There are 2 protein chains.
Amino acid sequence: MKAEKQKIPKDGSTEERIKEAAKRLFTQKGFAAVKTRDIAEESGINLALLNYYFRSKQRLFDIIMMENMQQFIQGTIMKISESNIGIAEKIETVVIAYIDMITANPYLPIFVMNQMQNVPSKLVEKMEPVMKPIRANFIKQLEEAMEKGEIAKIHPFHFMANLVGLTIFPFIGKPLLQRVSGVTNEEFATLMQERKKLVPKWINMILNPG
Amino acid sequence: MKAEKQKIPKDGSTEERIKEAAKRLFTQKGFAAVKTRDIAEESGINLALLNYYFRSKQRLFDIIMMENMQQFIQGTIMKISESNIGIAEKIETVVIAYIDMITANPYLPIFVMNQMQNVPSKLVEKMEPVMKPIRANFIKQLEEAMEKGEIAKIHPFHFMANLVGLTIFPFIGKPLLQRVSGVTNEEFATLMQERKKLVPKWINMILNPG
DNA sequence: ATTATTTTTAATCAAATGATTAAAAAATTT
DNA sequence: AAATTTTTTAATCATTTGATTAAAAATAAT
């Protein structure tokens with residue numbers, strides 16, 4: 001009688017439409033600023049369906065958050081400790097991947113930064129098994145490259161802060177930077193494409209001074 | 001009869017204590033996530049006093065937001081277009097000022113970035129008179145330095161994104177970067193002090209390649 | 001076709017939340 | 001000291017908000 005049924009949300013299904021609306025809203029505004037009625041309206045469904053499919057606002061948010069975290073980490077951090085090509089070539093690949101991914105999901109970085117700030121220890125626990133091997137591989141490869149003399153000595157934190165900062169900060173700071181430098185949305189898009197080549201060049205200057 | 005009285009909030013006054021609590025909470029969690037009762041509890045006052053002194057949660061938030069914006073802009077962007085010393089020396093001064101200011105107010109950058117994202121046009125209007133001269137001065141000085149051959153050609157947006165990104169992103173991305181690089185809070189503080197010298201050096205490498 | 005199951009809806013609940021009020025307490029003025 | 005004004009408190013209001021329920025509609029199974 002209890003059929004252990006597997007819900008496979010078909011494309012365009014109600015469940016999927018709720019999730020998509022929730023992702024748009026939560027990612028842009030965060031948990032507290034989004035009302036369940038906003039999600040219902042945005043997805044064109046009856047309010048009760050949110051609870052029918054996802055039990056509660058919190059559970060729905062948790063799903064979106066995990067997906068966003070995974071997407072961000074897989075799209076950025078993970079790539080840097082993944083394959084075993086040389087650092088310099090890897091940076092080129094990674095920066096391009098970052099910029100493309102974030103261009104398609106501009107609110108992702110600041111959402112992730114906000115979530116990490118208010119770290120619920122539950123999230124930390126879930127992330128640790130993912131982060132640990134990333135950390136190990138990344139530091140190992142960096143240290144090897146430094147020992148081989150391929151790059152100058154640099155603390156892994158500085159390296160990561162520079163790489164991630166130069167690549168994703170422009171998206172986080174977009175409204176501010178546009179206002180300071182007087183750049184339109186179109187110009188911004190062009191500048192981000194430019195940075196695919198510029199950031200690796202700059203990172204290399206930092207890693208190979210003189 | 002109507003005495004046109006000027007409220008001068010003395011130090012430690014109720015009004016001031018509410019504002020301080022509100023600033024801590026709003027800056028860290030944003031408008032929607034903070035309840036008026038949280039502010040009352042945090043400042044140890046009766047809930048009604050918040051409305052007595054500030055009329056509404058929104059008005060109190062607006063005050064905090066303007067103060068935060070002003071503090072951030074004055075502590076960062078404004079400095080870069082202020083005096084007329086050479087670019088290189090100015091960068092050194094500015095980076096030190098940034099890092100000290102943000103170390104003392106670690107939640108300020110992400111608060112500002114969040115506010116800029118959800119730009120209420122009212123905020124834009126209020127900021128424009130402040131930003132316009134900053135933009136003009138900043139671009140003028142950059143272009144002059146490029147013409148004099150002091151620095152390589154670079155789009156003002158890239159320059160600003162690099163300078164601000166390398167300086168303040170480590171604070172925004174702190175929880176993530178710590179988790180990736182395995183750095184403690186104490187080490188983080190030390191690394192930020194290191195960056196006072198490193199960031200200007202890196203910026204100079206970018207501006208003067210070869 | 002009939003029955004059972006799943007999905008959707010409208011109405012409603014209970015708690016949370018921003019705000020107000022009237023009275024008390026404290027401070028200031030006269 | 002009495003009167004006036006300012007500040008604080010407890011109680012309460014009205015709305016918002018997350019969630020539930022019971023019934024209707026749609027879909028699938030028999």
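Here the structure is a predicted model, which means the values were calculated and not measured. Below, read A as the first sequence line, B as the second, and so on, with proteins coming before strands; counting in each chain starts at 1.
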Checklist line | Rounded interatomic separation in angstrom, taking CZ from B:Arg55 and C1' from C:dG18 | finding: 12 Å

Checklist line | Phosphate contact (C:dT7 OP1 or OP2) by A:Thr14 side-chain N/O below 4.0 Å | finding: no

Next item on the list: Quick one: which residue pairs count as a ring-ring contact (aromatic ring centres under 6.0 Å, His included) with a foot in residues 66-93 of chain B, not counting sequence neighbours?
Entry: none

Next item on the list: Could you state the atom-to-atom distance from CD of A:Glu15 to P of D:dT27 in whole Å?
Entry: 17 Å

Notebook entry, point to check: When you measure from every atom of DNA chain C, which of residues 57-69 of chain B have a heavy atom less than 4.0 Å away?
Noted result: B:Lys57

Note to self: Between A:Tyr52 and D:dT21, is there a contact of a side-chain N or O with OP1 or OP2 at under 4.0 Å?
What the structure shows: no

Next item on the list: Kindly write out the residues that satisfy salt bridge (Lys or Arg N to Asp or Glu O under 4.0 Å) with A:Lys19, not counting sequence neighbours, or none if the list is empty.
Entry: A:Glu67

Note to self: Could you tell me how far apart B:Leu50 (CG) and D:dT9 (P) are, to the nearest whole angstrom?
What the structure shows: 13 Å

Item checked: Ion pair A:Arg135/A:Glu128, N-O distance below 4.0 Å -> yes

Next item on the list: Verify the neighbour count for atom CD of A:Gln58: are there more than 12 heavy atoms of other residues, nucleotides or ligands below 6.0 Å?
Entry: yes

Note to self: Run the salt bridge (Lys or Arg N to Asp or Glu O under 4.0 Å) test against A:Asp38 and tell me which residues pass, sequence neighbours left out.
What the structure shows: none

Note to self: Restricting to ring-ring contact (aromatic ring centres under 6.0 Å, His included), what partner residues turn up for A:Phe171, sequence neighbours left out?
What the structure shows: A:Phe188

Margin query: Could you tell me how far apart B:Asn51 (CG) and D:dT9 (P) are, to the nearest whole angstrom?
Written below: 14 Å

Checklist line | DNA chain D contacts made by residues 28-49 of chain B, counting heavy atoms under 4.0 Å | finding: B:Asn46, B:Ala48, B:Leu49

Next item on the list: Could you go through the salt bridge (Lys or Arg N to Asp or Glu O under 4.0 Å) check for B:Lys122 and B:Asp62 one step at a time?
Entry: CA-CA 11 Å; B:Lys122 198 180 63 180; B:Asp62 289 346; 3.8 Å; yes

Next item on the list: Apply salt bridge (Lys or Arg N to Asp or Glu O under 4.0 Å) to the pair B:Lys197 and B:Glu92, showing each step before the final yes or no.
Entry: CA-CA 7 Å; B:Lys197 290 205 162 179; B:Glu92 289 179 32; over 6 Å; no

